[in-house]
Each structure stands twice: as C-alpha cells, then as structure tokens.
Amino acid sequence: MTGEPMHDPAAETGPEDGPLGDRENASAAGASGSTDTAGHRATAGLTVGGRVVVRYRLEEGSDAGATDFVGELVARNDDFIIVDARVGGAGQGGASGQATERVKLIRADVIAAKDVPPPASQPGRAHERVSADELEKLMSRGWQPTERKGLGDWVLRSASGFTGRANSVLVVGDPSLPLDKAIDYAEAWYAGHEAPALFQLHGPTGFEVAEQPVGHALLERGYAVGGGRPDWTRVLVLTALSAQVPPLTTESVPVNADAALSPEWLMAYAAQRSVVPGTTEAVLTGSEGQLFLSVRDEASKKVVGIARMAIHPGWAGIFGLWVHPDHRRHSIASTIVSAIGMVARENNMPAIYLQVSGDNADGIAFWNGLGFRTHHEYTYLAKPEA
C-alpha cells in the first residue's frame with residue numbers, strides 16, 4: 001500500500017494518540033486484523049510528537065518495493081499511524097523547510113521504524129544546528145505534563161501547577177487559528193482546568209517579547225513578562241556536545257544511575273522545591289526514557305546530590321541538578337554532569353540541553369565552566385495576580 005494522504009486523523013483512526021499526546025492506550029479488542037505483526041512491533045515504541053523515519057511497503061506494481069517517510073508522528077492506534085511527512089528529496093523525507101503532507105500508514109505494512117533526532121536547520125555542530133522551535137519541542141518531551149492538548153503546532157500543557165514548563169502553552173509554529181482566537185481558546189482551556197493561562201515564548205538571545213506577534217498580543221491583553229516572578233523573566237537554554245563534558249576521573253565520587261524513581265531520590269528532589277504528590281512522580285517518569293542519578297555521602301549513606309537525565313534520539317537533557325548545601329564545593333555537581341556526559345557518549349547522544357534561570361548567575365557560571373553555551377532563551381507571560 002502507498003501512504004494515503006489525509007487531513008483529519010481523529011476522524012479516521014478511532015482511539016489514538018493525539019499530537020504530542022498521551023501514550024498509546026488503544027485496546028486491541030475490536031481492531032481489524034492482527035495487532036501482532038512485525039509492523040505493529042516496529043511502531044509500538046515510536047514517540048508520538050517526535051520525529052520518526054518509517055520504511056513502508058508499497059503495493060505490488062510500484063517502481064520500488066518500499067519508500068521512507070520522515071516527519072512527526074502525529075497519532076497512532078491499533079491499525080494506523082499518522083505522520084506529517086516531509087515531501088520531496090530522497091524518499092519522502094527532505095531537508096528542513098520543505099512542505100509536509102499528512103499520511104496514514106497501515107501498521108502491518110511497516111517494514112521498519114525508529115525515532116530520529118530533530119532535523120538540522122542551520123550550520124554548526126550537533127548541539128547548534130537544530131532550530132529553537134525543534135529544540136523546544138524536544139525539551140517538552142523530556143518534561144511531560146500529565147495532560148496536554150494540541151492547538152495546531154502549539155501545545156497546551158497541564159500538571160496541577162507543578163513547574164511552569166508543565167503548565168504552560170508551548171508557543172511554536174502555527175496554532176491553526178487566528179491569533180486572538182488561539183489565545184482565547186488557550187485561556188478557556190486553562191480556565192476549565194481552574195488554572196491561569198501561562199504562555200512560554202522563546203526567541204534568540206536578548207529577544208524583545210513585544211516584537212513577536214504572540215508576545216505583542218499578550219502584552220495588549222495585560223500579560224506581563226515573567227508574570228511577577230524574576231526566575232520566569234528570562235530562562236536560558238544551554239547546550240553542549242557530550243564529547244566536551246569533562247570526563248570522570250579516578251578521584252570522582254561514585255555516581256548511581258537508576259531507571260526507576262526511588263523514594264530517596266524523590267525526597268532529595270523535594271528538599272529543593274515544592275512538589276505535588278502523584279503529579280510530580282508522573283512528570284519525572286513521563287518521558288520516553290530517563291535516568292535518575294544520585295550521589296551518597298560516604299559516612300551517612302544519605303543521598304546528597306541528584307539530577308535527572310532525559311533520554312532522546314541524539315540528545316540528553318539535564319533536569320533538577322541539586323546538591324545538599326552541606327556538601328557543596330566538593331565537585332559533586334560537576335561529577336554528576338560528567339556521569340551524564342559519559343552515558344550520553346556511550347549511547348549515541350552527541351548533544352545535551354538544559355535550562356537555567358537568567359537570574360541565577362552562579363548557575364550560569366557553573367554551566368559555562370563545563371562548556372555549555374546559550375542556544376536561545378524563553379520567557380513566561382502571565383497576568384499578574386491581583
């Protein structure tokens with residue numbers, strides 16, 4: 001079968017994952033045909049909302065036996081996957097900036113499939129050549145909310161107020177509605193969740209919010225940059241090559257890395273910030289892959305340093321790096337970062353990202369000292385509390 005162009009996957013595929021939506025929950029019951037084919041197994045682990053490459057079997061009589069589709073995986077149910085595939089160039093996947101076509105692919109006719117890194121859109125090394133839009137989408141998948149809804153390319157995120165990243169509109173691309181109506185929709189969606197609307201807007205270093213159409217519209221509605229919080233006014237997205245992160249040495253303290261979230265790790269995390277029971281655990285464990293790193297005090301055996309590593313194709317993300325105040329200035333933080341760099345290098349992740357508040361001078365200096373540089377910035381816009 002050839003990939004079938006279509007325009008409304010929700011109308012055609014039944015129970016499914018939506019754009020950047022929940023993980024697969026469609027039941028095999030009632031699905032037509034077998035759901036245990038090689039194609040089903042190949043597509044089961046794909047990340048909805050992520051960039052994928054799919055080798056697809058063509059119908060008999062075609063000039064080629066198969067073709068490749070490269071693009072964003074929009075949705076998936078028992079029978080089909082929906083891909084916004086780039087058209088033109090080799091196969092169906094072309095360079096960044098080319099047109100896309102939404103195609104519905106029969107899962108049983110998939111030969112092979114895998115997640116792939118974001119496309120390069122500019123010259124530079126692995127951590128420099130991805131666009132701010134693409135990196136923002138990648139980082140969003142590294143910190144998943146408990147509920148999200150697509151509005152065109154925008155993503156509305158909610159997680160009971162736990163962190164700004166998981167409770168804001170990710171403004172990327174086209175919302176598929178006139179701007180004022182898109183903002184109205186977002187405000188109504190958050191009102192339905194009994195939460196204030198919060199917008200995350202990004203741009204190059206030093207960008208002016210008022211010069212962006214979305215920023216201008218929000219300021220006109222009474223939104224304020226940072227919403228009254230200094231740590232939300234300017235957030236730096238820093239990136240580096242994993243190969244440039246200083247290596248572990250024989251003098252490094254032992255670092256433990258666990259795929260499961262432990263009560264001790266969570267208690268250490270709660271020592272540095274407010275948590276929402278149940279929601280915090282769901283966000284921390286909600287990505288396609290993550291590791292929880294920790295360092296214990298040799299004498300007390302208590303956890304005194306932690307970080308969370310988000311795992312993506314070609315990228316690693318660093319979240320929640322923290323060291324107990326009594327154990328700072330002992331290279332624990334840099335050792336944890338070195339451990340993340342080692343894992344990244346060993347698992348084909350040449351690039352690393354993280355976020356740090358622009359008002360955290362010591363934090364910025366620490367990351368700069370390890371070779372991280374600003375990729376872009378973002379800010380939050382909210383209506384100040386009365």
Side-chain angles (χ1 to χ4, degrees), residues 19-20 47-52 70-73 84 86 95-97 100 115-145 148 150 152-155 157 163-166 168-174 199-207 209 212 214-215 232 234-245 286-290 308-321 340-341 344 348-358 364 367-368 370-380:
L20 291 174
T47 303
V48 174
R51 186 168 179 255
V52 300
V70 180
E72 181 178 327
L73 178 61
D84 280 347
R86 297 193 181 278
S96 178
T100 61
D115 290 331
V116 292
S121 61
Q122 55 201 19
R125 294 172 293 181
H127 66 297
E128 299 168 331
R129 56 180 179 243
V130 63
S131 71
D133 269 10
E134 292 292 342
L135 185 51
E136 283 294 334
K137 290 190 287 185
L138 181 79
M139 293 191 300
S140 179
R141 296 195 296 277
W143 194 255
Q144 295 271 18
R148 64 196 304 158
D153 296 326
W154 290 12
V155 186
R157 305 171 290 186
T163 74
R165 286 192 297 272
S168 57
V169 181
L170 177 60
V171 177
V172 291
D174 181 4
F199 292 79
Q200 182 189 328
L201 189 66
H202 64 271
T205 302
F207 79 101
V209 171
Q212 296 197 8
V214 178
W232 280 3
R234 187 172 67 104
V235 181
L236 308 185
V237 176
L238 306 182
T239 63
L241 291 174
S242 60
Q244 292 182 319
V245 174
S287 302
E288 56 259 42
Q290 54 267 311
R308 174 182 178 271
M309 175 183 180
I311 299 170
H312 311 275
W315 283 81
I318 301 176
F319 295 85
L321 178 64
I340 291 174
N348 196 29
M349 291 178 276
I352 303 177
Y353 70 79
L354 61 95
Q355 301 106 355
V356 60
S357 176
I364 295 170
W367 292 112
N368 286 166
L370 292 175
F372 287 81
R373 297 294 182 265
T374 302
H375 184 280
H376 66 276
E377 299 177 356
Y378 67 81
T379 186
Y380 292 105

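The figures here come from the full heavy-atom set of this structure, side chains too, leaving out hydrogens, waters and symmetry mates. Numbering starts at 1 and runs along the sequence shown.
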(request) Would you mind listing every salt bridge (Lys or Arg N to Asp or Glu O under 4.0 Å) that reaches into residues 117-128, with sequence neighbours excluded? (result) Arg125-Glu128
(message) Quick check: closest heavy atoms across Ala344 and Ala316, and the distance to 0.1 Å?
(response) CB-CB, 4.2 Å
(request) Can you see which heavy atom on Gly358 is nearest to which on Ile364, and at what distance? (result) O-CD1, 3.8 Å
(request) Search all heavy atoms of Ile318 against all heavy atoms of Ile340 and return the closest pair with its distance. (result) CG1-CD1, 3.9 Å
(message) Any non-hydrogen side-chain atom of Leu321 less than 4.5 Å from a side-chain atom of Leu354?
(response) no
(message) Distance check, rounded to the nearest 0.5 Å: Leu138 atom CG versus Trp143 atom CH2?
(response) 15.0 Å
(message) Please give me the minimum heavy-atom distance between Val130 and Pro118, naming the atom from each residue.
(response) CG2-CB, 3.5 Å
(message) Nearest 0.5 Å, please: how far is CZ in Arg148 from CH2 in Trp154?
(response) 15.5 Å
(message) Could you work out, with ring pair (Phe, Tyr, Trp, His ring centres under 6.0 Å) as the rule, every residue matching His375, not counting sequence neighbours?
(response) none
(request) Can you sort out the partners of Trp315 under ring pair (Phe, Tyr, Trp, His ring centres under 6.0 Å), two or more places apart, ordered by chain and number? (result) none
(request) List the steps and the verdict of side chain to side chain contact (heavy atoms under 4.5 Å, CB included) for Phe207 and Arg234. (result) CA-CA 10 Å; Phe207 79 101; Arg234 187 172 67 104; over 6 Å; no
(request) Could you grab the distance from atom CD of Glu136 to atom CG of Leu201, nearest 0.5 Å is fine? (result) 9.5 Å
(message) As an exercise, state the distance from CH2 of Trp367 to OG1 of Thr374, rounded to the nearest 0.5 Å.
(response) 13.0 Å
(request) Heavy atoms only: give me the nearest Glu72-Gly49 pair and the separation to one decimal. (result) CG-O, 3.7 Å
(message) On a heavy-atom basis, which atom in Ala240 and which in Gly371 lie closest, and how many Å separate them?
(response) CB-O, 3.7 Å
(request) Working to the nearest 0.5 Å, report the span between CG of Leu238 and CD of Glu377. (result) 9.5 Å
(message) Check the orientation of His312 and Tyr353. Use parallel for under 30°, tilted for 30 to 60°, and perpendicular for over 60°.
(response) tilted
(request) State, with a plain yes or no, whether a side-chain heavy atom of Arg373 is found less than 4.5 Å away from one of Asn368. (result) yes
(message) Tell me every residue that passes ring pair (Phe, Tyr, Trp, His ring centres under 6.0 Å) with Phe199, counting only those two or more places apart in sequence or in another chain.
(response) Tyr223
(request) Under the ring pair (Phe, Tyr, Trp, His ring centres under 6.0 Å) rule, collect the residues that match up with His127, sequence neighbours excluded. (result) none
(message) For the CD atom of Gln200 and the OG atom of Ser140, what is their distance to the nearest 0.5 Å?
(response) 8.0 Å
(request) Decide yes or no for Phe319 and Gln290: does some side-chain heavy atom of the first lie under 4.5 Å from some side-chain heavy atom of the second? (result) no
(message) Checking Arg157 against Ser168: is there a side-chain donor and acceptor pair closer than 3.5 Å?
(response) yes
(message) Suppose we screen for side chain to side chain contact (heavy atoms under 4.5 Å, CB included). Which residues come up paired with Asp133, at least two apart in sequence or across chains?
(response) Ser131, Val172, His202
